[in-house]
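First comes the structure, then the notes that go with it.
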Amino acid sequence: MGPTSIDPHLIVVFGATGDLFHRKLLPALFRLLERGVIDGRFRVLGVARRGDLDDASFRGLCERSLDQAGLTSREAARAAFVAALDYAQVQDGVAASYQALAERIAAIEDQHALPHHRIFYLSLPPQAFPSTIEGLGAVGLNRSEGTTRLVIEKPFGRDLASAKALNQLLHRWFDETQVYRIDHYLGKETVQNLFVFRFANALFEPVWNRDRIDNVQITVSEELGVESRAGYYEQAGALRDMVQNHLTQLLCLTAMEPPAQFEADAIRNEKVKVLRSIAPIADDDVVFGQYRPGTIEGAPVCGYLGEKGVAPTSTTETFVALRVSVSNWRWQGVPFYLRTGKRMPKRLSQITVSFRCPPVSMFQPFNTCVLSSNQLVITVQPDEGFDLSFEVKAPGEGMAMRSQRMQYRYHENFASLPDGYETLLADIVQGDQTLFVRADEVEKSWELFTPVLERPRAVHGYAAGSWGPAAAEQLVARHDQRWAQR
Ligand code: BG6
């Protein structure tokens, strides 16, 4: 059994000079300490390649990051938090460096009488994963007298072969029970709420199937372009960056069967079953796009090819739309449309479930109305909540109908939603793997998308600020559908 939440841990973060650590992990750790989720005796050892930092200057950097995150009050708590941060330089791939790290860890644990519960967090570019895992394993840091956990950020592989190779390397040194593969979408409150929404309400389960649902759409759009990440994005593209992980998780949680228990492996088994049921994705069920110059919030923006660090002839996709078939008893014949892109009109993550129209319309003779299907819209972000649309009679003479919405908004009912990283870090400390991606899950997902990535492809242009290329409209129009947001 893992330690309880009050057992102190040593959290060793590789990539401690990086953006993720300073913008997300550090503020999340501070909030967890304040909430009492992590013990006051915890320690963080920041690890990076930079040799010009020591404990004091590293703490200075962290202070600035806490300021930027707006965590400026509560001085005593902050001082105690910052005093628990240390720094070590590790040269990637240098064995002696890992030996020195092991000694430093032992010294910190001795000095603070820590019970050897260690978390290694790889907040690193993917090319540094193998050497770091190898380096840790080679000096015995894969085990301890307490618990040892390894957290690994996305992207986990870039295709099926590389994901398998990374899993093999991980499993040479770590058991699967020690490994926490991050998909930060699983940390979002509204994503977790899909479990509760589906399985704690008797209302939806009887209609959650092919008899009642016509199609499901999942849109994750962003206003942002590639920003300063061209180096990574040119090698990734939207399918690897968003679909293989975040959108696939949303699909799995929407489509999965109720697990026998709310427990990590029971849930992950059900998600893997969904992935196994997805039919190979046909060539004409995928549309790739790349943004061209356009307008965002009234201001002109350049196209992808004009972005810094992007090759002028790049065919990297910044948009993908797909039609996916989940061929199982529940979903046979119900298309799942997935769509994501950068430089779209707004930031929005939404799941739209469209129900079938009534089988016959007794209102047809009135010829005054076309029945719309009922829709359940689950907004993951921003303005988190649910909308359920239904038909009502428009007041007045005759029999005209209108679609109306019942709305539920999180912010009207709860003070604030915790950041996803706060949730995920709390789960790692508590040893709960429910919200982390299992080895077979990540491989099944790559098995599905690798053939799509390897086929020759057309990349359609779309104006920045639009909902994607016309081909994406045709993808759904071919099946008499329309995107819910256009
Ligand atoms: C990351 C992608 O995983 O998710 C980014 O690498 C993307 O390209 C980001 O912008 C979106 O996350 P969120 O939480 O802002 O929807």
Side-chain angles (χ1 to χ4, degrees), residues 15 18-25 27-28 69 121-127 129 151-158 163 180-194 218-251 253 288-291 296 301 304 307-310 314 316-320 338-351 378-385 410 416-425 435-437 442 445-446 449 453 464 468 485:
D19 183 60
L20 179 68
F21 177 69
H22 286 272
R23 218 165 34 83
K24 292 285 187 184
L25 303 180
Y121 196 123
L122 273 46
S123 169
L124 292 170
Q127 55 277 20
F129 291 159
V151 186
I152 186 158
E153 271 291 336
K154 73 169 266 265
F156 194 92
R158 49 176 290 106
Y180 291 71
R181 291 177 196 77
I182 297 255
D183 182 314
H184 79 278
Y185 265 58
L186 290 174
K188 292 183 192 281
E189 276 296 320
T190 41
V191 174
Q192 291 167 66
N193 190 52
L194 281 169
I218 302 177
T219 288
V220 178
S221 60
E222 295 182 275
E223 254 180 306
L224 289 179
V226 68
E227 310 302 300
S228 56
R229 298 168 69 220
Y232 152 75
Y233 201 83
E234 274 281 87
Q235 304 303 315
L239 199 134
R240 287 189 176 93
D241 187 46
M242 297 294 287
V243 178
Q244 179 273 332
N245 34 64
H246 308 324
L247 276 86
T248 301
Q249 288 296 336
L250 295 179
L251 165 67
L253 298 189
F288 290 107
Q290 189 185 72
Y291 62 83
I296 296 277
V301 294
Y304 181 70
E307 300 277 14
K308 195 160 164 254
V310 171
S314 172
T316 299
E317 82 282 3
T318 60
F319 172 98
V320 197
L338 273 49
R339 176 176 65 159
T340 187
K342 295 206 179 279
R343 286 289 190 226
M344 291 175 73
K346 56 181 169 185
R347 177 171 182 256
L348 182 73
S349 298
Q350 222 166 43
I351 302 169
I378 303 169
T379 305
V380 171
Q381 66 184 20
D383 201 15
E384 294 82 356
Y410 267 83
S416 67
L417 299 176
D419 183 75
Y421 274 99
E422 214 173 307
T423 307
L424 295 175
L425 279 165
L435 300 179
F436 298 87
V437 186
V442 80
S445 168
W446 279 122
F449 294 115
L453 285 162
Q485 310 81 14

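In listed order, ligands and their atoms are each counted from 1.
Note: Tyr421 and His184 have parallel aromatic rings, judged against thresholds of 30 and 60 degrees for the angle between ring planes.
Residue Lys342 has at least one heavy-atom neighbour below 4.0 Å for each of these atoms of ligand 1: 5 (C), 7 (C), 8 (O), 10 (O). Proximity to Asp241 (heavy-atom distance under 4.0 Å) selects the following atoms of ligand 1: 2 (C), 5 (C), 6 (O), 8 (O). Taking every non-hydrogen atom of Lys188 and a distance limit under 4.0 Å, the qualifying atoms of ligand 1 come out as 13 (P), 14 (O), 16 (O). For ligand 1, the atoms sitting less than 4.0 Å from at least one non-hydrogen atom of Lys154 are 1 (C), 2 (C), 3 (O), 6 (O), numbered in the order shown with element in parentheses. Against a heavy-atom cut-off of under 4.0 Å, Glu222 is close to the following atoms of ligand 1: 7 (C), 10 (O), 11 (C). The His246 neighbourhood of ligand 1 comprises atoms 1 (C), 3 (O), 4 (O), with distances under 4.0 Å to a heavy atom of that residue.
Selection from Lys24, Met242, His184, Glu227 by nearest heavy atom to atom 13 (P) of ligand 1 gives His184.
Of the heavy atoms in Tyr233, none comes closer than 4.0 Å to ligand 1.
Using a 3.5 Å distance cut-off with no hydrogens or angles, the side chains of Ser445 and Gln244 do pair a donor with an acceptor. Between Gln381 and Thr190, the side chains place no donor N or O within less than 3.5 Å of an acceptor N or O (distance only, hydrogens not considered). A donor-acceptor contact closer than 3.5 angstrom links the side chains of Tyr410 and Asn193. Residues Tyr233 and Glu307 bring no donor and acceptor atom of their side chains to less than 3.5 Å of each other.
Nearest to atom 5 (C) of ligand 1 among the protein's heavy atoms is Arg229 NH1, 3.3 Å. The protein non-hydrogen atom at the shortest distance from atom 15 (O) of ligand 1 is Arg347 NH2, 3.5 Å. The protein heavy-atom contact nearest to atom 16 (O) of ligand 1 is Tyr185 OH, 2.5 Å.
Within the cation-pi definition used here (under 6.0 Å to the ring centroid, within 45° of the axis), Arg181 qualifies as a partner of Phe156. Judged by the 6.0 Å and 45° rule, Lys188 forms a cation-pi pair with Tyr185.
In terms of N/O distances under 3.5 Å, ligand 1 is approached by Gln381.
At a threshold of 4.5 Å between non-hydrogen side-chain atoms, the residues Ile351 and Leu194 count as touching.
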